[in-house]
Colleague: 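Below is a structure I'd like to ask you about.
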Amino acid sequence: MSFQVYNSFSKKKEPFEPLSEGVVRMYNCGPTVYSRVHIGNWRAFLFADLLRRWLEHEGYEVRQVMNITDVGHLTDEMADEGEDKIEAQARREGVDPWKISETYAGQFLADAVTLGCKEAMVYPRASDHVPQMVEMIEALEKSGHAYRTGENVYFDVTSFENYGALSGNKIDELDAGARIEVNEEKRHPADFALWKSDEHHLQKWDTVFGPHGFPGWHIECSAMARAHLGDQIDIHTGGEDNVFPHHECEIAQSEAFTGEQFARYWMHTKFLQVDGGKMSKSLGNVWNVDDVLERGYEARALRFALLRGHYRQPLNFTWDILAESARALEGLDDLAQRLLRKVDGEDAGEEEVAAAATEFRDSMNDDLNVPKAVAALFTLRGEVLEGAVEGAGAQAALDLLAEADAVLGVLELEPAGGGAEEDAEIDALVAARNAARDAKDWAEADRVRDELNARGIVVEDTADGGSSWFRK
RNA sequence: GGCGGCAUGGCCAAGUGGCUAAGGCGCUGGAUUGCAAAUCCAGGACCCCCGGUUCGAAUCCGGGUGCCGCCUCCA
């Protein structure tokens, strides 16, 4: 089975075929760094990492670009106030807006490492691509897709026939006045800003459009995707909230500029809910990576919790499901440790392992069906515990776990620590405990067991009165 | 008001026309144990509601209810 992806542009699953054989050009909408990236954001970014890893698993060279938006965007109506989210945060913290974006961008990258994300080819900053944006805007103006009003430049949505094809919105049915005042200087209420000007803005550039300008929200992604991946890309990802207007506008400006299809596949992640509803500052449930670590969970538990649900299904985050994820992971860690002790046995269970491997791969190939792929691993665990997998089968199972982990990035497969010397020491302690048990000295037996437990050693008593042990 | 998505056992979550509806976590009973842990066996679903299509629906269609997203920056 080849890789099938649900393309949110065509609204159906399609076989994945890149433009260039063996190479995937992928652009992931990254964070706007005006505050700490939260776990909802991470759902989208971890998905991007998972997708990249699966593509690599399938043998592709992945050119992954994840942007970092470090320039605040003004909504048209806020222009009078001269403030956007980055500037607002800057004022709140009493520092320069550039300091804000630098600080939060740094935290974002650090969190990415904590959560086990593979490093993207590049994390371009919007502020470093102003010339590329200006180039596109000027060309769009020249070709009649954009128009200037004073020192502002707008994209004329009526000039782009397919505007609305991604989101399903129709220009005339967008209720422009529903939540905001219609901007009088736009020809059509749905026209969007490519470039804005405001002398009070803090992050601004002197360009052909005027001395106090800054980019509209959408142009940066078009410019950065083009700068790093070329006029056409294979995959563009983002959260479902980006579909409209962000991605719709990107398509319009990029395709109007190049005359070619912008992205072949669009993939959008559903929102993460918290406690059954949306997360919000007022509810105090906008958690970030540190909140999770401070509660004693490993980062991989969060990674697993956010990846184990299908990306196109809503996922409800609670502390309970995080705890559950951590426990489920322990089951797989345990599986690996058990398998390590079985590789020397008589070969058995190779067919079962092969079936699990096929199930895992087919599930991932089916639009990254992680829940089903993970279930295949747990089914295999049941077979291993029944004693059906030994020797070559156990080795194959370990190989499968390693393969799965290269994609999921959440397992602990290393043989748990300790050298021969420590092993001998533990053997002696276990023997001492058994001697105490034989003497019915339960207090001493339990004391030794507690000591072993404290060192991460699990002792399993067998029916014949003996004991075996392994590292947790 | 317009557009789109979701609703499966206590919790999480696959399955999208047809064997006894995967899997995880938890729970209950039993086996084993000195007690535990681990493991094994056993136990749980009117698939949101109401209609309809069909030989047959969790799966398709219509209506309802609830939740989520977008239409303003937002993963």
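Letters A, B, ... mirror the listed sequences (proteins, then strands); counts begin at 1. All of these numbers come straight from a predicted model, not from anything done at the bench.
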Colleague: If you measure from the C1' atom in rU20(B) to the same atom in rC11(B), how many Å do you get, rounded?
Modeller: 25 Å
Colleague: Expressed in angstrom and rounded to an integer, what is the separation of Glu359(A) atom CD from rG15(B) atom C1'?
Modeller: 11 Å
Colleague: Would you kindly give the CG-to-C1' distance between Asp334(A) and rG24(B), to the nearest whole Å?
Modeller: 14 Å
Colleague: Let's see if you get this right: which residues in residues 378-391 of chain A place a heavy atom under 4.0 Å from RNA chain B?
Modeller: Phe378(A), Thr379(A), Arg381(A), Leu385(A)
Colleague: Can you tell me how far P in rG64(B) sits from the matching atom in rC73(B), rounded to whole Å?
Modeller: 31 Å
Colleague: For rA75(B), give its Watson-Crick or G-U wobble partner with both distances under 3.5 Å, or none.
Modeller: none
Colleague: Taking everything shown except Lys99(A) itself, do over 12 heavy atoms lie less than 6.0 Å from its NZ?
Modeller: no
Colleague: Give the C-alpha distance, both sets of side-chain angles, the deciding distance and a yes or no for side chain to side chain contact (heavy atoms under 4.5 Å, CB included) between Leu109(A) and Tyr123(A).
Modeller: CA-CA 9 Å; Leu109(A) 293 170; Tyr123(A) 294 95; 4.0 Å; yes
Colleague: Hey, mind stepping through Glu444(A) and Arg447(A) against salt bridge (Lys or Arg N to Asp or Glu O under 4.0 Å) and telling me if it holds?
Modeller: CA-CA 5 Å; Glu444(A) 171 63 9; Arg447(A) 188 195 65 73; 3.1 Å; yes
Colleague: In whole angstroms, how far is the P atom of rG23(B) from the CZ atom of Phe304(A)?
Modeller: 15 Å
Colleague: Answer with base, sugar-phosphate or nothing: what part of the nucleic acid does Met66(A) contact at a heavy-atom distance below 4.0 Å?
Modeller: nothing
Colleague: Of the candidate nucleotides rC35(B), rA22(B), rA7(B), which contains the atom at the shortest distance from the side chain of Ala375(A)?
Modeller: rA22(B)
Colleague: How far does the C1' atom of rC19(B) sit from the matching atom of rC50(B), given to the nearest Å?
Modeller: 30 Å
Colleague: Can you tell which of Leu401(A), Leu377(A), Leu385(A) makes a side chain to side chain contact (heavy atoms under 4.5 Å, CB included) with Leu335(A)?
Modeller: Leu401(A)
Colleague: Take Gly238(A) and Gly168(A), find for each the nucleotide of RNA chain B with the closest heavy atom, and name the residue whose nucleotide sits nearer the 5' end.
Modeller: Gly168(A)
Colleague: Is the ring centre of Phe108(A) less than 6.0 Å from the ring centre of Trp42(A)?
Modeller: yes
Colleague: Using Watson-Crick or G-U wobble geometry with both distances below 3.5 Å, tell me the partner of rG44(B), or none.
Modeller: none
Colleague: Has Lys278(A) got a side-chain N or O lying under 4.0 Å from the OP1 or OP2 atom of rG69(B)?
Modeller: yes
Colleague: In whole Å, measure the gap between the C1' atoms of rU33(B) and rG44(B) for me.
Modeller: 28 Å
Colleague: Are Phe262(A) and His236(A), when compared by the centres of their aromatic rings, separated by less than 6.0 Å?
Modeller: yes
Colleague: Could you tell me if Asp367(A) and Tyr311(A) have a donor-acceptor pair between their side chains, going purely by distance under 3.5 Å?
Modeller: yes
Colleague: When the distance from CZ of Arg341(A) to C1' of rA38(B) is rounded to whole Å, what number comes out?
Modeller: 10 Å
Colleague: Could you identify the nucleotide paired to rU65(B), looking across every strand shown and requiring Watson-Crick or G-U wobble geometry with both distances under 3.5 Å?
Modeller: rA7(B)
Colleague: Check every strand shown and say whether Val37(A) touches a base, only sugar-phosphate, or nothing at a heavy-atom separation below 4.0 Å.
Modeller: nothing
Colleague: Walk me through whether Asp49(A) and Arg53(A) qualify under salt bridge (Lys or Arg N to Asp or Glu O under 4.0 Å).
Modeller: CA-CA 6 Å; Asp49(A) 184 61; Arg53(A) 286 167 177 252; 2.9 Å; yes
Colleague: Mind checking His310(A) for me? I need base, sugar-phosphate or nothing, with any heavy atom below 4.0 Å counting as a touch.
Modeller: sugar-phosphate
Colleague: Can you tell me how far P in rG23(B) sits from the matching atom in rA45(B), rounded to whole Å?
Modeller: 15 Å
Colleague: With nearest nucleotides of RNA chain B determined for Thr269(A) and Arg433(A) from heavy-atom distances, which residue corresponds to the more 5′ nucleotide?
Modeller: Arg433(A)
Colleague: Can you tell me, in whole Å, how much space there is between the P of rA42(B) and that of rU59(B)?
Modeller: 31 Å
Colleague: Measuring from the side chain of Ala328(A) (C-beta onward, heavy atoms only), which nucleotide among rC71(B), rC35(B), rG24(B) has the closest atom?
Modeller: rG24(B)
Colleague: Which whole-number value in Å describes the distance from Leu307(A) CG to rA13(B) P?
Modeller: 14 Å
Colleague: Rounding to an integer number of Å, can you tell me how far Gln273(A) CD sits from rC70(B) P?
Modeller: 12 Å
Colleague: If you restrict it to nitrogen or oxygen atoms, what contacts under 3.5 Å exist between nucleotides 8-12 of chain B and the protein, and what is each distance?
Modeller:
residue : atom : partner   : partner atom : Å
rC11(B) : O2   : Glu324(A) : OE1          : 3.4

Colleague: So if I take every side-chain heavy atom of Arg338(A) and compare against rA22(B), rC68(B), rU39(B), which nucleotide ends up nearest?
Modeller: rU39(B)
Colleague: Report yes if the distance between the aromatic ring centroids of Trp266(A) and His247(A) is under 6.0 Å, otherwise no.
Modeller: yes
Colleague: Can you check the distance between rA21(B) and rU8(B), where both ends of the measurement are the C1' atom (answer in whole Å)?
Modeller: 9 Å
Colleague: Determine the sole option in Glu240(A), His268(A), Arg312(A) for which the side chain to side chain donor-acceptor pair (under 3.5 Å) test with Ser8(A) is passed.
Modeller: His268(A)
Colleague: Using OP1 and OP2 only, check whether a side-chain N or O of Thr32(A) sits under 4.0 Å from rA75(B).
Modeller: yes
Colleague: Which nucleotide, rC25(B), rA75(B), rA14(B), lies nearest any side-chain atom of Phe271(A)?
Modeller: rA75(B)
Colleague: Taking rC71(B) as the reference, what is the distance to rA57(B) when you measure between their C1' atoms (whole Å, please)?
Modeller: 35 Å
Colleague: Within 45° of the axis and under 6.0 Å from the centre of the six-membered ring of Trp287(A), does NZ or CZ of Arg36(A) qualify?
Modeller: no
Colleague: When you measure from the centre of the six-membered ring of Trp319(A), is the NZ or CZ of Arg295(A) under 6.0 Å away and within 45° of the axis?
Modeller: yes
Colleague: Given that both distances must come in under 3.5 Å, which nucleotide forms a Watson-Crick or G-U wobble pair with rG56(B)?
Modeller: none
Colleague: Quickly work out the Lys270(A) NZ to rG69(B) P distance and round it to whole Å.
Modeller: 12 Å
Colleague: Please indicate whether Lys12(A) has more than 12 foreign heavy atoms, meaning atoms of other residues, nucleotides or ligands, lying under 6.0 Å from its NZ.
Modeller: no
Colleague: Can you find a donor-acceptor pair, distance only, under 3.5 Å between Arg437(A) side chain and rC35(B) base?
Modeller: no
Colleague: In the structure shown, which nucleotide is the Watson-Crick or G-U wobble counterpart of rG34(B), with both distances under 3.5 Å?
Modeller: none
Colleague: Which part of the nucleic acid, if any, lies within reach of Gly30(A) when heavy atoms closer than 4.0 Å are counted: base, sugar-phosphate only, or nothing?
Modeller: sugar-phosphate
Colleague: Measure from the side-chain heavy atoms of Asp446(A) and tell me the nearest of rA13(B), rC6(B), rC35(B).
Modeller: rC35(B)
Colleague: Quickly work out the Ile68(A) CD1 to rA75(B) P distance and round it to whole Å.
Modeller: 12 Å
